[in-house]
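Working notes, beginning with the structure itself.
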Amino acid sequence: MSPTVHPVAARGFTLQSEAYEAARPSYPASAISFIVNTALPFLSSPGAQVLDLAAGTGKLTRLLAELPLGRLEAVEPAEGMREQFTKVLPNVPIHDGNSHAIPFSDGTFDAVFVAQAFHWFADIKSLQEIGRVLKQNGGCVLIWNMEEPEGLLGRIKKTHEQYESGTPQYRLGLWREVFHNDREEFLQIFEPIQERVFTNSITCTADGIWTRILSRSYVACLDKDTQQQLEQEVRHMLQSPEIGWREREAVDGTKEMVVDIPLRTTVVWFVKPLAFDLEDIQHIKFYTVPGSYQNCTESPPSNNKIKLLAMVCITLKKGEEPQFLFEAPAVTPLSDLVPQLAKLYNYRLRLKRLIDATEDLVEYGLMKPENEQGYDEEQLEQLAKNKEPSAKQEILKDGVKILLNPDPTGRRTGEAPNEEIAQVVRKTLTNAKACLSPDLIKSNKCLTEEILDEALQNIRGAITIAWPMGLPEWEPVKDILDDKEDLTGTQASKEVIDPASASIWWAAKELQRDKKLLDYVGRNDKTKIIAKIQKKGQGPPLREAPMTEEAQKQMMAYYYRKQEENKKLMENDEDDYLHSPWANPKHLKSTFNGVGNVSWKPR
């Protein structure tokens, strides 16, 4: 075992390397295709030199082996993992090493992959070591599969997560801190990180679910008694019909019960840029390695590498309404940037619909089935008598306090959660609204998919507190949470923009997807632009008025007050100022004598 490896990972993955190989899923074809064709397109051409760092049992390596690579190497610190790797991929060399000591010389590889492992060694020293073995214009890809079980499966997940014991698990997001806390050092080596998420699923039996749990390092490190206790608890919960078991034919022809568990595959990548010719970058800000942020005026020492850091801040608008602030490298292809902006725009709309629907849910309870919507007989009788529906009333139902609040539209049951739980949900909604506020632009805070994801998941958690048994299939909030909305024929469908055909306009020009952002805005760092998003075929956006209606009203009011003041001045005598205290030389003496406010005027 190589040094500098987390002790839980070192022991756990050595003890349960077989369980890891048997239970851990592969990666979706869509994610691999995206990496090869979009993130690091040079991988689609023959001859690339690739390293799989912290390769484990070779779950990702076997997919890389199918590419037309010139060379494929693997590094893994755990001896048990290396043994399993060799059984599966005997023709791929695997070496003992770790993220702080990769056993290869400088500039060896075109790409370095880290699958399901970077969270164990997310520090700047690891990134510097990866940068060392990468060639210029080479890239590093981090990839994770993350289960997203719901209902009882989600509660089963929490039963084993209690044994994490402070380990830096991926789901905690601690691995992201290195890209913020050590941003300056990171950007001396790489361009800013980019990220893409893919959905997938895995089909498991009850035994398979337990094996997956056992493959986790912190579970593998538990003593036998604790493992047995955890297994009994998990298997007892798996007996519930709430799991959603279905029958399928096994490999041996027998029948077995299985369940589909949704997975979320996250791909993060960053590129080590080329060195630029000094003549091409005069007066452009850059980093030198080693060195500091400066303007280029003379040739740097020959041992320094020049790296452009041109970042563009984009304020995106729809019509005259500002939407959000987004930051992207100037070298970003518009074929990637335009769909990304459109997806963020649509995600904001989705979160807004979720907030609106959840507010109704908390106020009036669950949606009625479509065939039951409308007023009941009692409500119709009250309406016939020109009476308002019954006021809010707190009652006990099945031992739980609920608030009866009839829906004036008759579409919801009127059985809302009690005020204490409702406040939890409303507070979560208030926090989510802050993600949609234009004030983020004034604060220079960029919007990311992770921010919106977190807001959505927080709302999901708050709703689970209020309705622990889940929402019915016909509830609109559930459709929005699961991203299964049918917007056909609704006003919302007119607002959504297809990322594949969206267009971005800036300076009266449509940004063409076959170009890069720098082709329009140049290479200057910290460039700020205001762009507008449009649907396909809508043409250029309308020009905005030079000032807002509110600013125009304020200006008119100001000049009206100024005009009235001038009129009053014209009506006064020229010597009117002599009556002012400052024009009276005896004013101070009169004040001391107590006659400061006495004045003599003709009647």
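Each residue takes its place number in the sequence, starting with 1.
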Donor-acceptor side-chain pairing of D260 and T203 below 3.5 angstrom: yes

T265 vs N200, side-chain hydrogen bond (donor to acceptor under 3.5 Å, both in side chains): CA-CA, chis, key distance, verdict: CA-CA 7 Å; T265 301; N200 192 18; 4.9 Å; no

Short side-chain donor-acceptor distance under 3.5 Å, D52 and T61: yes

Audit row: E550, K553, salt bridge (charged side-chain N to carboxylate O under 4.0 Å, His left out) steps and yes/no: CA-CA 5 Å; E550 182 63 27; K553 288 180 179 179; 5.1 Å; no

Side chains of R460 and D482 in contact at under 4.5 Å (non-hydrogen atoms): yes

Ring centre gap for Y27 and F198 strictly below 6.0 Å: no

Ion pair K125/E185, N-O distance below 4.0 Å: no

Close side-chain approach of E359 to V425, heavy-atom, < 4.5 Å: no

Only distances under 3.5 Å count here; give the side-chain donor-acceptor pairs of residues 323-342 to other protein atoms, sequence neighbours excluded, each with its distance to 0.1 Å.
| residue | atom | partner | partner atom | Å |
| --- | --- | --- | --- | --- |
| Q323 | OE1 | R348 | NH1 | 2.7 |
| Q323 | NE2 | E321 | O | 3.3 |
| T332 | OG1 | P329 | O | 2.7 |

Distance flag, aromatic centroids of Y170 and W120, threshold under 6.0 Å: no

Presence of salt bridge, D519 and K516, under 4.0 angstrom: no

Atom pair CG/CG of D110 and L51 - distance to nearest 0.5 Å: 11.5 Å

side-chain hydrogen bond (donor to acceptor under 3.5 Å, both in side chains) evaluation trace for N431 with T428: CA-CA 5 Å; N431 295 336; T428 306; 5.6 Å; no

Salt bridge flag under 4.0 Å for residues R264 and E147: no

